[in-house]
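Below is one structure, written out as structure tokens; comments come after it.
Every heavy atom of this structure was used, including side-chain atoms; hydrogens, water molecules and symmetry mates were not. The structure presented is a predicted model; accordingly, all values stated were derived computationally and were not measured.
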There are 2 protein chains.
Amino acid sequence: MNEVISLIKNHRSIRKFKNEPVTEQQLNEIISAAQCASTSSNVQAYSVIAATDPALKKQLAELAGNQAYIEECPVFLIWCADLHRLDQVTAGHMAGRESYVDSTENFIVATVDAALAAQTAAVAAESLGLGIVYIGGIRNRIAELSELLNLPELVYPVFGMCLGVPDQEPGIRPRLPVEAVLHRNGYNEERIQEPVQAYDQTMQRYLSERTGGKRDTPWSQIMADRLAEPIRLHMREFLSGKGFMKK
Amino acid sequence: MNEVISLIKNHRSIRKFKNEPVTEQQLNEIISAAQCASTSSNVQAYSVIAATDPALKKQLAELAGNQAYIEECPVFLIWCADLHRLDQVTAGHMAGRESYVDSTENFIVATVDAALAAQTAAVAAESLGLGIVYIGGIRNRIAELSELLNLPELVYPVFGMCLGVPDQEPGIRPRLPVEAVLHRNGYNEERIQEPVQAYDQTMQRYLSERTGGKRDTPWSQIMADRLAEPIRLHMREFLSGKGFMKK
């Protein structure tokens, strides 16, 4: 295993940070690395907002479900799918042509672009000894959060990311067996039940060890409980209101 | 700049591959590294199909717009957002509860999960001396391609990825200035026009150098031409037909 793969395999989400800054130089290095990720037809349809203002971080933490580490980390990044920049800079070149900026296709392109850049930033940050955690909670009260950050039409916050110097070393959470996610020459339904049963047992042991025997819920049960929760059912309407997926 | 960031900044898409295999060991190392990427609440809502069968790759190349490198690369990966596995393994645990697997929220979660894993695979592959290119063209004839790969309900192919030993060393394409994508404590509309004008000039020089003066279209003009194209307008209906974004 080379050093890059070793770094990648050592990833764990960090939710406790030292009271130390992320320097401007580090931030610039991380974001300029992120920009080198692939992007569909070079559209670069994403933006990232670095929240460093303490009052703002406090508000964002509250909107994202009172996760203290959002307030405590020195830099909280909000990764946005951004079709607004494209819409603005192409306006003078359309020559009366219709724009398909608001297609479902372009929604996917922008969402994927944001994710590819963010994950590249995550690896770059970890290579600098920093820690990160993705925050899906910024979609909890997405309309208020978007207003707070002045997000225009055709921009939506996909996820947040806490960034800082780690002050904890949590265990690495086991993943599904590779044969569950890697199919050969076509989707194979038979790769579902058996690998997941094995993973249920792995996760039961892992949880039990981490909680001193207090919890040992199988993964598929945890997933069922999650799917049964009506989480963020406002997303479709919110995105439509922001001008996405009109076509 | 450390070695990881140096590797990331050295990324360029590879579209010409040597007639050399990607070994099983390399593929397993790449996919197991990809699995270490963050995933929303550990849902791991993605699958990846490795197409190595020559006849299948030929068909996939045709469906993706006759891109020869899909046929020529030793391994063509199809990265899928996969809510089907979750749906299947949670069925026995729902105890009569409604499942929100088909929400727009979960569509985004699965799409992002696939992208985070894929980008981690891309970095891992490049660290092994391999080259990659993302292929959005697999969404061109997405229904036929999904049938060819036996993709069930609640699975869709987000993008493809050619993988192989590089047989070219293309230039690194310049990106937008960092100040265009990195905002501070809120979205700043003023970061759009000026950085993009500077980038238009950068890209004109870059294109002109690469084509011996034959092309020097500004980026914003290229983007306008792209947005004016009715690309993949079938996506919304296709996704709905696959069971996504019902809520």
Side-chain angles (χ1 to χ4, degrees), chain A residues 2 4-5 8-9 11 31-33 35-36 38 40 44 47-51 53 56 85-86 88-90 93-94 97 99-101 104-105 111-112 115-116 119 123-124 127 134 136 149-151 175-176 178 181-187 192 196 220-221 223-224 227-228 230-232 235-236, chain B residues 2 4-5 8-9 11 31-33 35-36 38 40 44 47-51 53 56 85-86 88-90 93-94 97 99-101 104-105 111-112 115-116 119 123-124 127 134 136 149-151 175-176 178 181-187 192 196 220-221 223-224 227-228 230-232 235-236:
Chain A
N2 67 38
V4 175
I5 292 179
I8 287 171
K9 292 198 171 181
H11 166 73
I31 303 301
S32 61
Q35 289 189 274
C36 298
S38 295
S40 179
Q44 305 175 66
S47 282
V48 54
I49 297 170
D53 177 67
L56 178 63
R85 178 171 53 234
L86 281 178
Q88 292 287 304
V89 302
T90 57
H93 301 284
M94 293 307 287
R97 295 176 294 180
S99 170
Y100 293 94
V101 68
T104 300
E105 163 68 13
T111 302
V112 167
L116 300 186
Q119 182 58 11
V123 175
S127 81
Y134 280 83
L149 295 172
N150 293 317
L151 303 188
R175 298 297 195 214
L176 283 163
V178 66
V181 303
L182 176 58
H183 298 247
R184 306 291 177 140
N185 294 308
Y187 197 93
I192 296 178
V196 169
S220 50
Q221 177 68 57
M223 293 298 108
L227 289 184
I231 304 174
R232 302 172 196 144
M235 286 303 293
R236 190 165 68 170
Chain B
N2 66 38
V4 176
I5 292 180
I8 288 171
K9 292 200 170 177
H11 165 72
I31 302 301
S32 61
Q35 289 188 272
C36 297
S38 296
S40 180
Q44 305 174 69
S47 282
V48 54
I49 297 169
D53 176 66
L56 177 63
R85 180 171 54 233
L86 281 178
Q88 291 286 303
V89 302
T90 57
H93 301 285
M94 293 306 288
R97 295 175 295 181
S99 170
Y100 293 94
V101 68
T104 299
E105 163 69 12
T111 302
V112 167
L116 300 185
Q119 182 58 11
V123 174
S127 81
Y134 280 83
L149 295 172
N150 293 315
L151 303 188
R175 296 298 195 212
L176 282 163
V178 66
V181 302
L182 176 58
H183 298 248
R184 306 290 178 143
N185 293 308
Y187 197 93
I192 296 177
V196 169
S220 51
Q221 175 69 56
M223 293 297 109
L227 289 183
I231 304 173
R232 302 173 196 142
M235 286 302 293
R236 190 163 68 170

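For Val101(B), the parts lying near chain A are the backbone and the side chain together; criterion is any non-hydrogen pair under 4.5 Å. For Leu56(B), the part lying near chain A is the side chain, with the backbone staying farther off; criterion is any non-hydrogen pair under 4.5 Å.
The shortest non-hydrogen separation linking Ile8(B) to Ala33(A) is CG2-O, 3.4 Å. Of all the heavy atoms in His93(B) and Ser220(A), the pair that sits closest is NE2-OG, 3.1 Å. Here the shortest heavy-atom pairing between Gly186(A) and Ile49(B) reads N-CG2, 3.3 Å. Ile192(B) and Arg85(A) make their closest contact through CG2-CG, 4.0 Å (heavy atoms, listed as atom of the first residue, atom of the second, distance). In terms of heavy atoms, Ala228(B) sits closest to Tyr100(A) at O-CE1, 3.5 Å.
Ranked by non-hydrogen atom pairs under 4.5 Å with chain B, the options Met235(A), His11(A), Gln119(A), Arg175(A) are led by Arg175(A). Among Arg232(B), Arg184(B), Gln44(B), Met223(B), the residue making the largest number of heavy-atom pairs under 4.5 Å with chain A is Gln44(B). Counting heavy-atom pairs closer than 4.5 Å to chain B, the top-ranked of the candidates Asn150(A), Thr104(A), Val181(A), Thr90(A) is Val181(A). Among the candidates Met94(A), Gln88(A), Arg97(A), the residue making the largest number of heavy-atom pairs closer than 4.5 Å to chain B is Arg97(A). Put simply, of Ser40(A), Ser32(A), Ala115(A), Ser47(A), the one with the most heavy-atom pairs under 4.5 Å next to chain B is Ser47(A). For the set Leu182(A), Val178(A), Leu116(A), Val196(A), the count of heavy-atom pairs under 4.5 angstrom toward chain B peaks at Leu116(A). Taking chain B as the reference chain and counting heavy-atom pairs below 4.5 Å, the highest number among Asn185(A), Leu86(A), Val4(A) is found for Asn185(A).
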Could you walk me through whether His183(B) and Leu149(A) satisfy the side chain to side chain contact (heavy atoms under 4.5 Å, CB included) test, starting with their C-alpha distance in whole Å, then the side-chain angles of each, then the deciding distance to 0.1 Å, before giving a yes or no? CA-CA 10 Å; His183(B) 298 248; Leu149(A) 295 172; over 6 Å; no
